[in-house]
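Order of listing sets the numbers, starting from 1, for every ligand and every atom in it.
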Amino acid sequence: MPDKLIIFDTTLRDGEQSPGASMTRDEKLRIARQLERLKVDVIEAGFAASSNGDFEAVQNIAHAIKDSIICSLSRANDRDIARAAEALKGAQRARIHTFIATSPLHMEKKLRMTPEQVLEQSRQSVRFARNLCDDIEFSPEDGYRSDMDFLCRVLETVIAEGATTINVPDTVGYAVPELYGNFIRTLRERIPNSDKAVWSVHCHNDLGMAVANSLAGVKIGGARQVECTINGLGERAGNCSLEEVVMAVKTRRDYFGLDVGIDTRHILAASRMVSQTTGFVVQPNKAVVGANAFAHASGIHQDGVLKARDTYEIMRAEDVGWSANKIVLGKLSGRNAFKQRLQELGVALESEADINTAFAKFKELADRKSDIFDEDILALVSDESVTHEHEQYSFVSLSQHSETGERPHASIVFTVAGKEVHGESDGNGPVDASLKAIESHVKSGAEMVLYSVNAISGSTESQGEVTVRLQNSGRVVNGVGADPDIIVASAKAYLSALNKLQSKADRVAAQG
Ligand code: KIV
Ligand code: ZN
């Protein structure tokens, strides 16, 4: 009987730690629903003690999600652990994930603690957590760069205190597959009570090996939980990508001999949702979810696939949700069809009034664009005028003039806390003029660190999706806007980023 590999998704915690990827409470809930639909075993919903916003996000998700275990991260101290337990109260099944750094570098330079103090704090924290929750995960942060003898002492101690999952992070993405796999195996062999816990891998992608390292931790080390994120979202080069690890284990079941409970047909929708919400665009050649992942451009490949699909395809596109990429609605679709599609996409709008607002926007879009795809609907409901989030700034209208040989000029109307204002400017191009027109009024002083445009569904009829990343006073935020007119999409994205800069989401970082 093959055993099961537990999929622990940390898109909403470690993924969200990526600069600019911060999500609102409602966005997190929407993604959590999609993760539940994917049948993810554990959802790490946030780091409850890091901010009130994160606490509420964990609490909401704990109440709404029934099928997955809901987990909150917490540092190894009583206050954080109690806060995690409090946020998780409504969960059907809850997990507290507590961590403390164990590498010599982190203990000495970051924590300024001796190894004995770290060992004692680990013991106390797991003991305290175990009184509040039956399901306790412990992570020695920077575990892979820790001293083996010391790590064995810490992990043996926390298992004895009742930790049920032991997660071994390669926090800085330094590992290579064979060595990481052996590292996990050695830990399991040397720790006398290692069989009392599930072993888990958590790899960062700094050297591009997060998926390979995680799989080696499973195959060589015997780990039975992988921590990962949708699209590999995460700080720096990101985390292990859920879709890659899941499809590797499924496609090479002959080699891994493990079952995964993921309903892979929802992978693409999850990838699109995370990308649209965060503004982190998926590269076209990304395995499984990239636009080219199943596209056969060369004549030889096309010919082969037409004759026998498995000549060049090792997975079926529809198994990861590509066939769902179909026209879903159009101009003649009614409110009920729209509402049902929202439900199928996992979008829960708060009230009938919100559905009406979204439906009016859908009708507006359908007047300008004949085929409406799932991606269009997801972009439409991410619009802040539908979700009512951070509505300090909201787009109203834009006119601009550009002609070869002339400097473009833009005039924009938007609302500031519900009151209409007007801005005007010229610029290098129509987008530049439009964003400067916003700044002429707002004067945020924010620096733009990224501007990107992407066609949501391929053709020139598609909506343009614009991501704007702004930096101000040490905060980095992404704003996303979609519209068939890319200049309007740019203005919406800019206003959305300004809205996020406004929200005072100061929080404690999990690492550092
Ligand atoms: O990478 C890491 O070490 C982490 C821990 C907090 C689990 O994310
Ligand atoms: Zn991490």
Requested in this report: Please lay out, stage by stage, how Asp26 and Thr24 fare under the test side-chain hydrogen bond (donor to acceptor under 3.5 Å, both in side chains).
Outcome: CA-CA 5 Å; Asp26 290 1; Thr24 65; 5.8 Å; no
Query - side chain to side chain contact (heavy atoms under 4.5 Å, CB included) assessment of Asn239 paired with Leu233 - result: CA-CA 6 Å; Asn239 286 57; Leu233 187 71; over 6 Å; no
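Taking any N or O of Asn167, backbone or side chain, none lies under 3.5 Å from an N or O belonging to ligand 1. Considering backbone and side-chain atoms together, His97 places no N or O closer than 3.5 Å to any N or O of ligand 1. Among the atoms of Asp14, some N or O lies under 3.5 angstrom from an N or O of ligand 1. Below 3.5 Å of separation, one finds an N or O of His202 facing an N or O of ligand 1.
Salt-bridge annotation for Asp54 and Lys28: present, with a side-chain N of the basic residue lying under 4.0 Å from a carboxylate O of the acidic one. Salt bridge status for Arg123 with Glu156: absent, with no side-chain N to carboxylate O gap under 4.0 Å.
Residue Ser139 approaches ligand 1 through these ligand atoms, each under 4.0 Å from one of its heavy atoms: 7 (C). Every atom of ligand 1 is numbered from 1 in the order shown, and the set under 4.0 Å from a heavy atom of Pro169 is 2 (C), 3 (O). Those atoms of ligand 1 with a heavy atom of Glu141 less than 4.0 angstrom away are 3 (O). If you number the atoms of ligand 1 from 1 as listed, the ones under 4.0 Å from a heavy atom of Thr171 come out as 1 (O), 2 (C), 3 (O).
For the residue pair Glu227 / Gln225, a side-chain donor-acceptor distance below 3.5 Å is found, with atom types taken as modelled.
Under the 30°/60° scheme for interplanar angles, the aromatic rings of Tyr144 and Tyr174 are found to be tilted.
Looking at Glu137 against ligand 1, nothing comes within 4.0 Å, counting heavy atoms.
Taking the ring centre of Phe99 as origin, the terminal cationic atom of Arg75 falls outside the region bounded by 6.0 Å and 45° from the ring axis.
Looking at Asp14, its N, O or S atom nearest to the Zn ion (ligand 2) turns out to be OD2.
Geometry note: the Zn ion (ligand 2) is the vertex, His202 NE2 and His204 NE2 are the arms, and the angle is 100° (rounded to 10 degrees).
With atom 1 (O) of ligand 1 as the reference point, the heavy atom nearest to it among His106, Glu227, Gln17, His204 is part of His204.
When atom types are taken as modelled, the side chain of Asn499 and the backbone of Tyr393 share a donor-acceptor pair closer than 3.5 angstrom.
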